[in-house]
Amino acid sequence: MADDFHRTIDVILSANDYAMKAAAGAWMALASAATGSSDSLNGIAAETAAEPGIGLVELADRLSGVGGWGDGAAALAMSVSRQLQNAGEASSMAAERAQSLLLEYQNEVEARAGKEEDATSGGNGAVTLQADKALAMHGSRIEELRREAESERDTLVAVFGEVIGGNAPPAPEVGAAAGGGVPGGGAGPVGAGGGSAATAGGSTDAPTHLAANGAAIGTDAYPYSSVVGVDGGDFAGWVRSPNTGFLVDPATGREFDPVSGRWIDPLTGRPFGEVTDYATRLAGLGGGPGALAGAGGVGLVAVGGGPAPQGSGFAGLYGGVLPPSLAHTGPAQPQLARQAAGNLAHKAEVANRFAAREAAQGGRPYLPPPGAGSQAAATARGAAAASRTRPRLFGESPDTWRARAADASARHRLAGPAPAAGGAQGAARTGKGGDRRERRDSGTGSRSAADGSGKEPDRAWCSARRAGRGVLGE
């Protein structure tokens, strides 16, 4: 099963989507040039036909024929460009999802290996039962990831099947003036390939720029790159997601929607907050590699296992505004904070992998922020460990929470010490009010030596005066 999954991922990642986009751009340029040449030839043909002279009409007709062929060539080049552009975009989207599936698959395999050790450790039945349930859960998720990867591959294959090129228009009849060669030939289908290695990307010696998030990026023009260049300002070094269009910070995993000008909630994936002017100015983001936008400069790892309200780390990530999914208090809040930290770490790792793969294909040179991979991994591990840890109250002995009436009575001095079994005092207590009558009839008003409860004798609360007759003579 593992081999099938990795083979499927390898097939998806084998496509060079950056070269496809570059080839699509080349075909688009060819279509633009053909359209311009056709318009120019048609204009010359019209002017030639209007001039008096022998043979000018025939020359104008031949010019019009070549101009019409240029229109057909432009239409063909435009069609091929659209096919390659669709294939390149679909390949980029599939590659990003494949990186996400691969990362989650690796985490699931690692977690399952840990549960297998628990299941075979020979512990008590409860631990073994929980380990077996966890193994079944991880195995089910691994199977789902395999099916999702196969679905991505099949979708990509279907898109690639639509790249069929096209047939060039027949060459115009130009007579002897055409010379020996026939441009285009009007022959078989035009391939959808094209684009040399130089078209796909720049050299490895291109100058680089250190972005605010710590990533080193190329400064040359890379029009088909997903990594934002120097012209992106404070967003330089961020990665544009081909699936959502959001800008992802590879240092922290936070996302920003450049269309709406809002941050993206790490749990819901929806924009939140007021529209900002961060498209041109991101205040507080230039704090160094992986730093959070906040006065305290708290790292993401510091907030990985803690609730959001206790630390302003999450709010510092988003310009001082806490995401709506974390801006509440409740028993589920720590778990949501751990999940948000895990999502951010996952997105950061996927963005780094995607950008590095694109750079290897000839895209913008990219080096991830220092410590971005280890920071994301540590955050994910910390969040997972915190979620697996049982609270202390569930590990206490049952006797800890059992009520004890005797302890409460002694603590509040509501009863004396327990009498000896079979003793005289115990016998008196078992009688019907014997102890009370005995103590009331005694003439002592002091505490008994045997009574250490601190209670006053009953006689202390009785009046020494005899009651008189009633006022009505009864």
Side-chain angles (χ1 to χ4, degrees), residues 9-29 81-100 102-103 152 156 159-160 163 192-251 253 255-256 258 289 347-370 372-373 376:
I9 296 297
D10 291 341
V11 169
I12 297 175
L13 298 180
S14 64
N16 194 329
D17 46 285
Y18 190 84
M20 295 179 194
K21 296 176 183 178
W27 280 96
M28 181 65 69
S81 176
R82 283 196 297 265
Q83 296 172 17
L84 289 174
Q85 185 67 28
N86 293 337
E89 292 177 355
S91 180
S92 296
M93 296 169 64
E96 186 187 37
R97 286 193 289 262
Q99 296 287 6
S100 179
L102 179 60
L103 180 59
E152 291 292 338
L156 187 60
V159 175
F160 284 175
V163 183
S196 63
T199 306
S203 64
T204 56
D205 298 332
T208 58
H209 168 76
L210 184 62
N213 61 357
I217 57 175
T219 58
D220 293 340
Y222 297 89
Y224 312 109
S225 177
S226 299
V227 180
V228 182
V230 181
D231 55 347
D234 292 312
F235 284 115
W238 291 42
V239 181
R240 186 183 300 274
S241 171
N243 287 281
T244 63
F246 300 151
L247 299 179
V248 184
D249 183 8
E255 296 176 289
F256 184 81
K347 292 181 183 297
E349 181 65 19
V350 171
N352 277 303
R353 293 186 180 187
F354 183 79
R357 173 182 175 273
E358 188 179 80
Q361 292 180 346
R364 185 183 302 278
Y366 173 83
L367 289 177

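Numbers here are sequence positions counted from 1.
Among all heavy-atom pairs drawn from S241 and V248, the shortest one is CB-CG2, 4.4 Å. Summarising the geometry of N213 relative to G237, their closest heavy-atom pair is ND2-O, 3.5 Å, with the distance given to 0.1 Å. Taking each heavy atom of S91 and F160 in turn, the nearest pair found is CB-CZ, 4.2 Å. Contact record, P365 with A359: CA-CB, 4.3 Å, taken as the closest heavy-atom pair. Residues I12 and A94 approach most closely at CG2-O, 3.6 Å, considering heavy atoms. The two residues G229 and A236 make their nearest non-hydrogen contact at O-CB, 3.3 Å.
The structure places CG of L102 at 8.5 Å from CG of D10, a figure rounded to the nearest 0.5 Å. With values rounded to the nearest 0.5 angstrom, E89 atom CD is found 11.5 Å from L84 atom CG. Here S226 contributes atom OG and R357 contributes atom CZ; the two are 10.0 Å apart, rounded to the nearest 0.5 Å. Between I217 atom CD1 and D220 atom CG the span is 11.0 Å, to the nearest 0.5 Å. Rounded to the nearest 0.5 angstrom, N86 CG and M20 CE are separated by 11.5 Å.
Side-chain contact check for Y366 versus S225: every heavy-atom pair is 4.5 Å or farther apart. Within the 4.5 Å cutoff, no side-chain heavy atoms of E152 are placed close to those of I9. A heavy-atom distance below 4.5 Å is found between the side chains of P369 and N352.
Residue F256 is tested with W238, F235, F246 for a ring pair (Phe, Tyr, Trp, His ring centres under 6.0 Å); the sole match is F235.
Counted within 6.0 Å of NZ on K21, heavy atoms from surrounding residues, nucleotides or ligands total more than 12; the atom is thus considered enclosed.
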Starting from the C-alpha separation in whole Å, work towards a yes-or-no answer on side chain to side chain contact (heavy atoms under 4.5 Å, CB included) for Q99 and L13.
CA-CA 9 Å; Q99 296 287 6; L13 298 180; 4.0 Å; yes
Test R353 against E349 for side chain to side chain contact (heavy atoms under 4.5 Å, CB included), laying out the working first.
CA-CA 6 Å; R353 293 186 180 187; E349 181 65 19; 3.1 Å; yes
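In this structure, the side chain of S92 engages the main chain of G88 through a donor-acceptor pair within 3.5 Å. Within the 3.5 Å criterion, the main-chain N or O of V227 finds a donor-acceptor partner in the side chain of R364. In terms of modelled atom types and a separation under 3.5 Å, the side chain of S100 and the main chain of R97 share no donor-acceptor contact. At least one donor-acceptor pair closer than 3.5 Å links the side chain of S81 to the backbone N or O of A24.
The aromatic rings of Y224 and Y18 lie perpendicular to each other, with more than 60° between the two planes, well past the 30° mark.
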